[in-house]
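Okay, so here's the structure we're looking at.
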Amino acid sequence: MKNKVLLRFLIACLVLVVYIFFAAEPTGKQTFIQPLHISPILPDESQANIPLNTDDVFPFVSGLAFGYYNKAGDIVFAKAQKDNFSISDSFWTQYQAIPIRSETPPPPIQCFSPQGTALFSLPVSGLVHFRKDRIFEFLPSGNSVAEYSVQGELLWVYSVSGVITAFDCNEDLVVIGTSDGNITCLNSDGTEKISFYPGGSEYEVIYGVSLSKDGKYLACLCGLQRQRLLLVEIADYHKPVFHTFLDASLQRQATLFFDTTSRYLFLETGDGLVILRCVDSLFVTTGIQGKLMSTNLDSSTGILTVLTQEGGKATISFFDLNCKKVGSEQFDCISSSLSQVEDYYYLVLDEKLLRFTVTKQ
């Protein structure tokens, strides 16, 4: 059975390489992908020794597994997805779903390092969410979130008036959006920094929020009839920087990403992907459809990279710093994710990981 899986993987790798070099649509005169390495994702099999330095391994999530890879593009740990799980650069956990009306308290959830060392346990009854070194729990009530220390100790709990419909954080802040249209930004100790209602729509509900890495900006997709994008600067108050009503509404939770430099915002809308350049409010509707999976700005090449997933197709689109599309590449897969470490990109396509570079000519 294992030999058959490996044979299918080798055939898929060959097809993928041939596709990239010969069969794919050209990505434009300036930008193309140069594949370097392909690794299979084989859940629950030992594939390499994970280094003790966690800076050398990086988390991934595919449709059927989660785990870590190294800079060479090798899968060093992969575990099949079962029930609930969460993973970050520093921790991972997997646990059974907890019945909402359980009469007995659930057992503590064990959390592990990338090397598989048991680090701490969490006495939680809700959903666990890791973000780098931060540990959160969304409580069963639906309107409360808690944060824990890296020792598993409860730091704070914060409750809002409506159901939590959107959430994001960076190293210092947390932002929460709710079903009744409120946005609350918290300091690292769980105290309120700012709270406001964007308003402007017939139905006030927050569909998505995002914090820039530098903590300067907060963005949200809010309301229905009409839906709008709002960008604010945050200090001890919120200062609107940009807003626009959208022609088509997205009636589901939306994904918003700032790039790592905090200069660009990427957003799903009813009309497809849009890009906002924050420094001068350049607003571009790309027409690209699908779920927004990840984004990046490569400072060495000046290329904005966007990964979207629609049905059985994943698309990587490339843009210059003026948000003009300069190329794209499409892959057949059910699930995908994209990350970057230094000058290398790592693309998860179902059961394989592709390491590549992006080159301008």
Side-chain angles (χ1 to χ4, degrees), residues 54-55 58-59 61 66 83-98 100 102 105-114 117-180 182-196 206-220 232 234-236 238 253 255-258 260 262:
T54 56
D55 292 337
F58 311 92
V61 176
F66 66 93
D83 297 317
N84 296 323
F85 74 95
S86 186
I87 186 170
S88 74
D89 300 72
S90 304
F91 325 108
W92 67 269
T93 187
Q94 186 163 247
Y95 56 98
Q96 292 183 348
I98 302 169
I100 295 178
S102 176
I109 294 172
Q110 191 68 54
C111 303
F112 303 88
S113 71
T117 303
L119 297 176
F120 53 85
S121 59
L122 298 174
V124 300
S125 56
L127 295 175
V128 176
H129 177 67
F130 296 148
R131 189 74 68 89
K132 291 191 178 295
D133 290 330
R134 304 192 71 175
I135 305 163
F136 298 97
E137 176 196 6
F138 295 100
L139 278 65
S141 62
N143 71 330
S144 299
V145 61
E147 184 171 13
Y148 293 81
S149 72
V150 294
Q151 289 78 35
E153 300 170 343
L154 179 64
L155 297 176
W156 53 262
V157 179
Y158 192 88
S159 299
V160 290
S161 57
V163 175
I164 296 174
T165 55
F167 177 88
D168 193 26
C169 71
N170 57 23
E171 292 182 359
D172 302 312
L173 301 173
V174 169
V175 62
I176 302 169
T178 67
S179 58
D180 60 358
N182 175 256
I183 291 178
T184 298
C185 187
L186 306 177
N187 296 304
S188 58
D189 61 358
T191 57
E192 184 179 300
K193 185 176 180 68
I194 57 172
S195 182
F196 64 99
I206 307 302
Y207 285 93
V209 293
S210 185
L211 284 167
S212 61
K213 185 177 181 180
D214 62 6
K216 180 179 180 179
Y217 294 116
L218 185 162
C220 68
V232 301
I234 49 177
D236 294 329
H238 69 282
Q253 285 186 317
T255 302
L256 297 76
F257 288 127
F258 284 96
T260 54
S262 305

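The structure displayed is predicted, hence computed values, not measured ones.
- Expressed to the nearest 0.5 Å, how far CD1 of I183 lies from SG of C220 amounts to 3.5 Å.
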| query | Going through the checks in order, is the ring-ring contact (aromatic ring centres under 6.0 Å, His included) test met by Y148 and F120? | reply | CA-CA 11 Å; Y148 293 81; F120 53 85; 8.7 Å; no
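- In this structure, a donor-acceptor pair under 3.5 Å is present between the side chains of N182 and S195.
- Not a single donor-acceptor pair under 3.5 Å links the side chain of N187 to the backbone N or O of D189.
- Considering CD1 of I135 and OG of S149, their distance stands at 6.5 Å, rounded to 0.5 Å.
- Partner of L119 under the side chain to side chain contact (heavy atoms under 4.5 Å, CB included) criterion, chosen from F91, W92, F112: F91.
- Side-chain contact between V128 and I109 is present, with at least one heavy-atom pair separated by less than 4.5 Å.
- Formation of a donor-acceptor pair under 3.5 Å by the S88 side chain with backbone atoms of K132 is found in this model.
- Minimum interatomic distance between S262 and K213 (heavy atoms only, all atoms of both residues): OG-N, 3.4 Å.
- Taking CG from L186 and CG from D172, the interatomic distance works out to 12.5 Å, rounded to the nearest 0.5 Å.
- Rounding to the nearest 0.5 angstrom, the gap separating the CG atom in D168 from the CZ atom in F258 is 9.0 Å.
- A distance of 10.5 Å separates OG1 in T93 from CD1 in I87, rounded to the nearest 0.5 Å.
- When atom types are taken as modelled, the side chain of S212 and the backbone of Y217 share a donor-acceptor pair closer than 3.5 angstrom.
- By the 4.5 Å heavy-atom criterion applied to side chains, T184 and E192 are counted as neighbours.
- Counted by atom type alone, Q110 and Y95 present zero donor-acceptor pairs between their side chains at under 3.5 Å.
- Under a 3.5 Å cut-off, the side chain of N143 and the backbone N or O of V163 do not form any donor-acceptor pair.
- The shortest distance between side-chain heavy atoms of F85 and V61 falls below 4.5 Å.
- Side-chain polar atoms of D180 and S161 form a donor-acceptor pair below 3.5 angstrom.
- In this structure, I176 and V145 have side chains that are in contact, with non-hydrogen atoms separated by less than 4.5 Å.
- With hydrogens and angles left out, the side-chain atoms of D133 and S90 include a donor and acceptor closer than 3.5 Å.
- To the nearest 0.5 angstrom, I206 atom CD1 is 12.5 Å from I164 atom CD1.
- Side-chain N or O atoms of Q253 include one that pairs as donor or acceptor with a backbone N or O of T165 at under 3.5 Å.
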| side-chain contact (heavy atoms from CB on, under 4.5 Å) between K193 and L173, intermediate numbers included | CA-CA 9 Å; K193 185 176 180 68; L173 301 173; 3.8 Å; yes
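- You'll find the ring centres of F136 and F167 inside the 6.0 Å limit.
- A salt bridge links E147 to R134: one of the charged nitrogens lies within less than 4.0 Å of a carboxylate oxygen.
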